[in-house]
Amino acid sequence: MFTLLSILTLCIDSTLTLCSPAIDDSLFYTWDTGANTACITVTGDAVGEATYICEARTKTFLTTDNLMANGDFENYTDYHQQPTGYTSDYEYLPFDPYGTDLYDKPEYQGKSGVYLLSNNAKHTWRDYANVSPHSGNFFAMFDAAHSGYAWKAGTTENPGLQIKENGLYVFSYWAADLNEASQRSHPARLQFTIRYKMPDGTMEKDSLGEVLSLGKDNLWHFSQTFWTSPVNSDYIEIGVEDLNTYYGVGNDFGLDDIIFQMVTLEGSKHVASDTFRVFTQDCAPCEDFVYRKWNDVLFADNTEGQFVSYQWYEDSIAVSGATLQFYQLTDTLTPHSYYVEATTTDGHVRTSCSQRFGDFAPSAAQHPANTNRIIIRRGRLYIRTENALYDILGNKQRPLTDDYDSK
């Protein structure tokens with residue numbers, strides 16, 4: 001296990017991506033922000049210092065029992081009554097999954113925006129595929145084309161559904177497209193979310209994983225995500241919305257084995273830890289007046305003669321002695337960021353935009369000579385190399401006569 005400390009700077013209203021020092025598909029990540037990804041993006045909202053800590057562990061973890069009372073849709077005793085343990089913003093359709101096929105009942109012809117439980121999608125509609133659950137029944141949705149939760153489980157219907165502050169939870173489910181008809185041009189796009197009551201009584205809402213866009217393969221697809229609770233809460237709601245709002249074009253789907261469990265990383269191996277100290281500062285707008293020449297020399301453009309002094313920076317640290325109009329890069333392998341603060345004749349400081357350089361070959365014959373390096377002729381600045389003379393923009397000059405001053 002190794003531990004790193006990274007000190008970084010950030011400008012207000014800018015973003016910065018922080019990544020774990022160990023990135024591997026076999027690892028699990030926990031940030032003190034609650035994120036569980038290898039990298040996070042932070043924004044400089046205010047001047048000051050912020051600390052971010054990331055731990056990388058092996059994916060060995062233990063889980064508690066499923067907190068969903070009926071996530072497998074098996075407690076189905078009377079199809080005339082709405083199932084317990086969850087609700088929906090859609091209409092429940094009483095259909096016996098072991099009885100007569102739904103489409104044989106005239107009163108159900110053309111029904112849309114309804115849900116039911118089924119043991120085979122083909123039993124519920126002639127255009128459905130032979131999609132069966134892993135066992136027992138699954139949740140089937142017809143045309144979830146209006147806003148609202150197609151499926152929702154809350155603490156009211158499920159008292160065991162509670163969360164603990166800083167508790168790590170794993171959420172997973174299976175979903176399948178049910179329709180096999182030619183008109184199913186817009187399959188469901190499922191987004192699960194969790195809403196939880198804050199200590200002040202307000203409700204917050206987080207996404208549980210990315211949007212799952214179902215294909216047209218009539219196969220079960222598995223989705224899993226980790227989530228860290230920011231508070232203790234005895235009232236939460238977990239639900240899914242179909243972001244596809246098209247109506248009557250195959251917007252039908254099935255859900256099965258929805259699981260929400262608390263996770264403990266007991267037994268996992270701690271691989272790496274990184275602490276990021278980010279200093280946010282009020283940066284003056286940068287300007288593009290620095291040019292790179294000969295692979296390893298940076299020039300500050302002073303064609304108008306407005307600058308009288310310079311200070312070059314490498315990775316935001318002032319380089320000792322780097323106070324000339326040009327700066328020669330010394331590390332040609334390791335990438336570094338460079339900029340210059342140039343002081344004008346009226347005492348103002350202008351900062352060039354930071355540029356990142358590294359992994360390049362140093363110039364050879366064009367290195368400035370040890371004598372007569374800087375030449376001023378008629379108020380213009382030139383640089384003499386071992387075999388040629390160049391102006392500040394890197395243009396090769398004809399030989400000069402003796403009417404110049406040298407430094």
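Computed from a predicted model, the values in this text were never measured in an experiment.
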With rounding to the nearest 0.5 Å, note down the distance linking [atom1] in [X] to [atom2] in [Y].
{"X": "L329", "Y": "T334", "atom1": "CG", "atom2": "OG1", "result": "12.0 Å"}
{"X": "I7", "Y": "I317", "atom1": "CD1", "atom2": "CD1", "result": "9.0 Å"}
{"X": "Q261", "Y": "M68", "atom1": "CD", "atom2": "CE", "result": "10.0 Å"}
{"X": "D296", "Y": "Y327", "atom1": "CG", "atom2": "OH", "result": "10.5 Å"}
{"X": "T64", "Y": "M262", "atom1": "OG1", "atom2": "CE", "result": "7.0 Å"}
{"X": "Q82", "Y": "E157", "atom1": "CD", "atom2": "CD", "result": "9.0 Å"}

(request) I would like to know whether Y86 and N158 meet side chain to side chain contact (heavy atoms under 4.5 Å, CB included); could you show each step before the answer? (result) CA-CA 7 Å; Y86 59 90; N158 189 354; over 6 Å; no
Just by distance, do the side chain of [X] and the backbone of [Y] share a donor-acceptor pair under 3.5 Å?
{"X": "T280", "Y": "C11", "answer": "no"}
{"X": "T343", "Y": "V349", "answer": "no"}
{"X": "D257", "Y": "P133", "answer": "no"}
{"X": "D177", "Y": "N218", "answer": "no"}
{"X": "N70", "Y": "E74", "answer": "yes"}
{"X": "W312", "Y": "L324", "answer": "yes"}
{"X": "D301", "Y": "F289", "answer": "no"}
{"X": "S352", "Y": "V340", "answer": "yes"}
{"X": "D242", "Y": "A188", "answer": "no"}
{"X": "S229", "Y": "V231", "answer": "yes"}

(request) Just jot down the salt bridge (charged side-chain N to carboxylate O under 4.0 Å, His left out) partners of R189, sequence neighbours excluded, or say none. (result) none
Can you confirm if the aromatic rings of [Y] and [X] lie within a centre distance of less than 6.0 Å?
{"X": "F299", "Y": "Y291", "value": "no"}
{"X": "Y92", "Y": "Y115", "value": "yes"}
{"X": "W227", "Y": "Y196", "value": "yes"}
{"X": "Y90", "Y": "Y149", "value": "no"}
{"X": "F139", "Y": "F73", "value": "yes"}

(request) List the steps, then state whether side chain to side chain contact (heavy atoms under 4.5 Å, CB included) holds for V240 with L255. (result) CA-CA 10 Å; V240 61; L255 299 174; 3.9 Å; yes
Contact between [X] and [Y] at the side-chain level, heavy atoms closer than 4.5 Å - yes or no?
{"X": "D274", "Y": "S20", "result": "no"}
{"X": "F192", "Y": "S207", "result": "no"}
{"X": "W151", "Y": "L190", "result": "no"}
{"X": "K152", "Y": "D89", "result": "yes"}
{"X": "F357", "Y": "Y338", "result": "yes"}
{"X": "T17", "Y": "I40", "result": "no"}
{"X": "F260", "Y": "I238", "result": "yes"}
{"X": "F276", "Y": "L8", "result": "yes"}

Side-chain donor-acceptor pair under 3.5 Å between [X] and [Y], yes or no?
{"X": "W220", "Y": "D256", "result": "no"}
{"X": "Q355", "Y": "Y339", "result": "no"}
{"X": "Y128", "Y": "N120", "result": "no"}
{"X": "N119", "Y": "N137", "result": "no"}

Listing, residues 160-176 side-chain donor-acceptor contacts under 3.5 Å, not counting sequence neighbours, or none:
{"unit_1": "Q162", "atom_1": "NE2", "unit_2": "P159", "atom_2": "O", "d": "3.3"}
{"unit_1": "Y169", "atom_1": "OH", "unit_2": "K164", "atom_2": "N", "d": "2.8"}

(request) Using a strict cut-off of less than 4.0 Å between a Lys/Arg side-chain nitrogen and an Asp/Glu carboxylate oxygen, indicate whether E241 and K205 qualify as a salt bridge. (result) yes
(message) Heavy-atom count check: over 12 atoms from other residues, nucleotides or ligands less than 6.0 Å from D346 CG?
(response) yes
(request) May I ask you to check whether over 12 heavy atoms, not counting those of Q281, lie within 6.0 Å of atom CD? (result) yes
(request) Tell me whether the guanidinium CZ or amine NZ of K197 lies under 6.0 angstrom from the six-membered ring centre of Y235 and within 45° of its axis. (result) yes
(message) Here's one to test your reading of the geometry: is the NZ or CZ of R350 within 45 degrees of the ring axis of F307 and under 6.0 Å from its centre?
(response) no
What pair of heavy atoms forms the shortest contact from [X] to [Y], and how long is it?
{"X": "T345", "Y": "G305", "answer": "CG2-O, 4.0 Å"}
{"X": "Q311", "Y": "A318", "answer": "NE2-CB, 3.8 Å"}
{"X": "C39", "Y": "I23", "answer": "SG-CD1, 4.3 Å"}
{"X": "T344", "Y": "V308", "answer": "O-CG2, 3.7 Å"}
{"X": "A272", "Y": "A22", "answer": "CB-CB, 4.0 Å"}
{"X": "T225", "Y": "L208", "answer": "CG2-C, 3.6 Å"}

(request) Output, in order, the C-alpha distance, side-chain angles, deciding distance and verdict of side chain to side chain contact (heavy atoms under 4.5 Å, CB included) for L10 and F279. (result) CA-CA 6 Å; L10 179 64; F279 294 88; over 6 Å; no
Exercise answer: donor-acceptor pairs, residues 42-52 side-chain atoms, under 3.5 Å, sequence neighbours excluded:
{"unit_1": "E49", "atom_1": "OE2", "unit_2": "R277", "atom_2": "NE", "d": "3.0"}
{"unit_1": "E49", "atom_1": "OE2", "unit_2": "R277", "atom_2": "NH2", "d": "3.3"}

(message) Checking E55 against Y29 for the side chain to side chain donor-acceptor pair (under 3.5 Å) test, could you report, in this order, the C-alpha distance in whole Å, the side-chain angles of both residues, the deciding distance, and whether it holds?
(response) CA-CA 6 Å; E55 290 188 353; Y29 304 94; over 6 Å; no
(request) Begin from the C-alpha positions of V271 and R57 and carry the test side chain to side chain contact (heavy atoms under 4.5 Å, CB included) through to its verdict. (result) CA-CA 5 Å; V271 176; R57 292 179 173 271; 5.7 Å; no
